2 protein chains.
Amino acid sequence: MTGLRARVRAELTAEITAIARRQVVTEGAGNLSLRAIAREMGMASSAIYRYFSSRDELLTALIVESYNELGAAAEAADATCARSEVMQRWLAVSRAAYGWATANPAEYALLFGTPVPGYAAPPDTIGPASRFTLVLVGLLDEADRQGLDAAVKPVADPAMHDDLERLREMTATTVGNDAFVAGMQAWTALFGAISFIIFGQLNNVITDHDEFFGVLADLIGRQVFAAPARPRS
Amino acid sequence: MTGLRARVRAELTAEITAIARRQVVTEGAGNLSLRAIAREMGMASSAIYRYFSSRDELLTALIVESYNELGAAAEAADATCARSEVMQRWLAVSRAAYGWATANPAEYALLFGTPVPGYAAPPDTIGPASRFTLVLVGLLDEADRQGLDAAVKPVADPAMHDDLERLREMTATTVGNDAFVAGMQAWTALFGAISFIIFGQLNNVITDHDEFFGVLADLIGRQVFAAPARPRS
DNA sequence: ATGAATCAAGAGCACTGCTCTCGTTTTGGA
DNA sequence: TCCAAAACGAGAGCAGTGCTCTTGATTCAT
């Protein structure tokens, strides 16, 4: 409604987040500087505070944007596969996560790295953060429907039955406890592998990171879905 | 030889690292402040530079110390088990890592979290960093000797044969490619689980983190060593 | 048209890592 | 034992940070 001013405001906020994001990429999330952004935009540093009331608020905007990108990438990758091909879908989704992480390591660190001390993720982030995991739950559902099962069954502790029940409701699924826990193990293993690669833990250990990730993703997938091994590349 | 001065220097360096470590715990690694350390010690900020020529050098000292703690914890846990009980040793070692991480989350973040931008880990760190992984290789060795095998076999890519050969030499082991890759998968999965817990990714997902970790560690161990499931707790 | 809301700018506060200088203290060799 | 050299602590200073407050201009809704 209110014309000019609102539009200019939206444009400026977008420009700020864009520059902030570029800065996170080159300087790292910890070195995000409002003053540098202001300098690049040719405005006073204090003016930025009209748009983001603190550095953390700007960080939150970046986090939400990144979660959405990761989620969208996973959804798109999943959508390219036939619904019944669980293992293909897993490989597509996990590669999408890995691909997004390697293309945006700084943003990945923002989501899965060391949390900024004193920064508590506001509730706005949990929606976007769920998009990726919902894709995984969709895989578990399909595997369950086909009778696929984990190669090694977890021993789901009774102490976490309530959690599992609550999660089932939140994600609208009906898979059993063991399958759910196996899925969560695949989830943590997937991001453990990505984190090791992105954060440089394998730097003088493995030379071809892409191949290594491919091997692990294939292995994890077969562990959860008890599918046959992919042919050697 | 040189008496007083050298001793006082050693004491001061120790005091600096101790305060620095406390500060990393309370303020986070990114907010480590040389000035605050100097203030707490009652000396000028510039005097600190007589002991550590930069902030990064101080960080390196903390990293080395932490790697050594983690490695020592793993070695100690491993030593409490009978050599032949691979699964017990795996559980002991993985729990040692998890226990150290929960007791020292800030230091864990220093080692496995987002790398500080512009900071390249100097070669001094690779020795201490290897201590933990060498324990894991010991497990692989013993499993190999007993004929234990991964439940789901990885498809080790030919592209990484050279890496595996080099790693075998470095770690003085003879386990085959598939077993080695399976071990690395367990390695990344272990720290993936710990990272998710420490970094808060499971905060509104799982209530009892300890139990959850126990379930995952048991599952990962049986995946690598094809051991029977532990009894329900 | 006018009062209210919004905005950019600048100065300023308290903080950071780091450098350089200056006067003091300790050290090791002649 | 004496003395130059090395090591040291303190302080000032530079360039940078997030953030606040005030001031004056611009746009908005009535």
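Every chain is numbered from 1 and lettered A, B, ... according to where its sequence line falls, protein lines coming before strand lines. The model shown is predicted, which means the values in this text are computed figures rather than measured ones.
- Residue A36(B) has its side chain nearest to dT16(C) when only dA10(D), dA8(C), dT16(C) are considered.
- Counting only residues at least two apart or in different chains, salt bridge (Lys or Arg N to Asp or Glu O under 4.0 Å) contacts with residues 126-138 of chain B comprise E75(B)-R131(B).
- In this structure a side-chain-to-backbone donor-acceptor pair under 3.5 Å is missing from W100(A) to S66(A).
- Between dG17(C), dA10(D), dT17(D), one nucleotide has an atom nearer to the side chain of S33(A) than all others, and that is dT17(D).
- For residues 15-25 of chain A, every residue pair satisfying the salt bridge (Lys or Arg N to Asp or Glu O under 4.0 Å) rule, not counting sequence neighbours, is listed here: R21(A)-E65(A), R21(A)-E69(A), R21(A)-E107(A), R22(A)-E40(A).
- For R55(B) (side chain) and L32(B) (main-chain N/O), a donor-acceptor pair under 3.5 Å exists by modelled atom type.
- Panel note: side chain S45(B), backbone A38(B); no donor-acceptor pair is recorded below 3.5 Å.
- The distance from atom CE of M43(A) to atom P of dG10(C) is 11 Å, rounded to the nearest whole Å.
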Acceptor/donor pairs from residues 184-205 of chain B side chains to any protein atom, 3.5 angstrom cut, sequence neighbours excluded:
unit_1  : atom_1 : unit_2  : atom_2 : d
T188(B) : OG1    : M184(B) : O      : 3.4
T188(B) : OG1    : Q185(B) : O      : 3.0
S195(B) : OG     : Y108(B) : OH     : 2.8
S195(B) : OG     : F191(B) : O      : 2.9
Q201(B) : NE2    : Y67(A)  : OH     : 3.3
Q201(B) : NE2    : L111(A) : O      : 3.2

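- Residue L32(B) is classed as a sugar-phosphate contact, given heavy-atom separations below 4.0 Å to backbone atoms only.
- Using a 4.0 Å heavy-atom cutoff across all strands shown, Y51(A) reaches sugar-phosphate atoms only and no base atom.
- Atom CZ in R39(B) sits roughly 17 Å away from atom C1' in dG9(D) (whole-Å rounding).
- For the segment residues 9-19 of chain B, residues with any heavy atom less than 4.0 angstrom from an atom of DNA chain D are, sorted by number, R9(B), L12(B).
- Atom-to-atom, CD1 of I48(A) to C1' of dT17(D) comes out at 14 Å; the value is rounded to the nearest Å.
- Within the structure, no pair that satisfies the salt bridge (Lys or Arg N to Asp or Glu O under 4.0 Å) test touches residues 191-210 of chain B, not counting sequence neighbours.
- Atom CD1 in I37(B) sits roughly 16 Å away from atom P in dC15(C) (whole-Å rounding).
- Side chain of R168(B) to main chain of V175(B): a donor-acceptor pair is present (N/O by atom type, distance under 3.5 Å, no hydrogens or angles).
- For R166(B) and E169(B), the salt-bridge test fails: no basic side-chain N is under 4.0 Å from an acidic carboxylate O.
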Can you build the contact string for nucleotides 18-26 of chain C? Use B for base contact, S for sugar-phosphate-only contact, and - for no protein heavy atom under 4.0 Å. BBB----BB

